[in-house]
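Some notes on the structure that comes next.
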Amino acid sequence: MAGNRGSLTTFLFCSCVFILTLWNNIKPSDEHEFIAKYSSTVPKDHFDYETKILPTSHTKGLQFVSADNRINHASWDVVHNTSDSLELANISENGIGDLMELLSTYNKTSKIKNFTLTNITISWINFIKVLQIVWHTSIEYFNIYNIKLLSKIEKQYFNYSGTSMKALTIKNVSIEVFYFSQDDVYSIFSEMNIEALTISDSKIIHMLCPSKTSPFLFLNFSNNDLTDTVFERCNSLVLLETLIMQRNQLKKLSKVGLMTSEMKSLTYVDISRNLLYYDEDENHCHWAETLAKLNLSSNKLTDSVFGCLPLNVQILDLQNNQIRIVPKDITELKALKELNIAFNRLTELPGCSHFMGLELLNIEENSILTPSSDFFHSCKNIKELRGGHNPFQCSCELRDFISFEKKSGGKLVGWPESYVCEYPDGLKGTQLKDFHLSELSCNTTLLLVVALVVTVVVVAVTSFLCIYFDITWYLKMMWQWAQTKRRVQNSHPEDLQSILQFHAFISYSERDSLWVKSHLIPNLEKEDGSVQICLHERNFVPGKSIVENIINCIEKSHKSIFVLSPNFVQSEWCHYELYFAHHKLFSENSNSLILILLEPIPQYLIPARYHKLKSLMSKRTYLEWPKEKSKHGLFWANLRAAININLPISANVV
Ligand SMILES: *[C@@H]1O[C@H](CO)[C@@H](O)[C@H](O)[C@H]1NC(C)=O
């Protein structure tokens, strides 16, 4: 099958026959060899000068395949009556005669409106002739793509009068000749009395200023080699609204500005992808006051550009330059609504103090670590912020920005996927929406308040506990007791040998000493003087603490006698409470403890912390000192018995 198809194609080429195919639906054609396509298009009210793409829908057309690049007269009648668009392709120098003959059949009343030539090789003189013929037909939009100009270029006369032409588009011109006067070429175009002219991808280095007021509304010289001198001091382009000089060799922003200042109707200028810079020293920057949209993207502009901008600009594209900061001292751009500073070197989010009306801001792909939330306070009218693809530092400062996102209801474009933490390393790759820090860890004041409150509470609770349970007293006692134990154990090993030196240790309050000295001691020691008693005054070692002495005495005595009285409880018991609490020797069942109740002690006199005393008094029988003299005999007998029973050394003594 493939072979059949190949030979069929060859046959078609060789036979030099035109195949006419009528089709109702446009389909992508495999055969790119056609030289002409006729189509009937629904005319647009507003032709898009910028794109110049012919609408292909609603197209009804004819396809021609030709081998020798010549145009056959046979099908012209069909063309005339069926379409308002004509497209011819691949016309060589020897097909030009046919082309001119074809075009000559059109006049000002023909149906044709759009005419396109693609891939054409032509001499300069013939090119002007073709242009001149088209000029006086019904054609309004004339497009020429890929044209090769042959032979020498000379000044040609051109009759501009009485044309229907609105727009001429020439893209991709190559010139085979090297020596010619540039002006002979440019003057043909600059004097044209049409609304729109496009000459792009053609390496033109200059364009002349029209000699009289020009009807141009639209000029597009993209991708050429124009320099700053183009349209210098040109005051005839007063109707021009759109000027596109994308991708040229423009350098000085101030010169371009000055150029536009004479164009009184200019609203849109695209000078992106040039070599533009602005030197602050130049100090003279004027732009057309009507200029509303300015595209300065992909140039070499720095922060200083903000000193050279049209005052009434509404849409400003500064992307892909070298801007580090929006300076604070710039003139206010009241009308600015859209500002694009993406792909620059900004380190902070610019506020709106100089662009109060800003609605759209693009700051993607900069070096902003922590966008300050001040932005949202100063930019009241902001509707859309594109802030993604910045190296965000995920720290406390970023929280305001994140919380703005929540409040704003979709004003951050690209959220959440374009907003990712870059720093610190631990959070790299985390989306900002997943980054949370607690209020406490970020708010210093709050942190201080909380710390203060906690401290106050701890101090208050501790103080309360100390007062209520007398913890300081316990601590003091414990410390003292521990100190004593340590000293006793460490420093006096010989004491252990002389253990049980005394029969009894008597503890009493100083205020009860009279009773102890006049009654107790005489009664205990009376008989043979063999009973050894350890007493405060007599046996206490000076230089040791009271508790130390007490423990010393207790441990050297068989029995411990406590003379209990309200005085004793208040002044002396404190020395024992802790000791007893930790000492098995004086458990409730021990016999070594003798309590003498000299005076009754009301319960309320015993402090709450004296647990041991309370339990001793409640569980243990004590010897009560009787007021009546008659009972004294029995008391002493009881006491002596209590001491003598179980006295292991009594035998030796007796
Ligand atoms: C500015 O020009 C660039 C190309 O040079 C284009 O990508 C961008 O969309 C233009 N900006 C505006 C606001 O039209």
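Just so you know, residue 1 is the first one in the sequence shown, and it goes up from there. Only this structure's heavy atoms are used, side chains among them; waters, hydrogens and symmetry mates stay out. Each ligand, and each atom within it, is numbered from 1 in the order the structure gives.
Atom CD of Q182 is surrounded by more than 12 heavy atoms from other residues, nucleotides or ligands within 6.0 Å. Within 6.0 Å of atom NZ in K411, more than 12 heavy atoms from other residues, nucleotides or ligands are found, so the atom counts as buried in its surroundings.
Partners of K252 by salt bridge (charged side-chain N to carboxylate O under 4.0 Å, His left out), not counting sequence neighbours: none found. Partners of N223 under the side-chain contact (heavy atoms from CB on, under 4.5 Å) rule, at least two apart in sequence or in another chain, are D201, R247.
For K300 and Y277, the positive end is not near the middle of the six-membered ring at less than 6.0 Å and at most 45° from its axis.
Screening residues 380-399 for salt bridge (Lys or Arg N to Asp or Glu O under 4.0 Å), with sequence neighbours left out, gives E359-K383, E384-R386, R399-E439.
Residues with a heavy atom under 4.0 Å from ligand 1: Q246, S272, R273, K293, N295, S297, D317.
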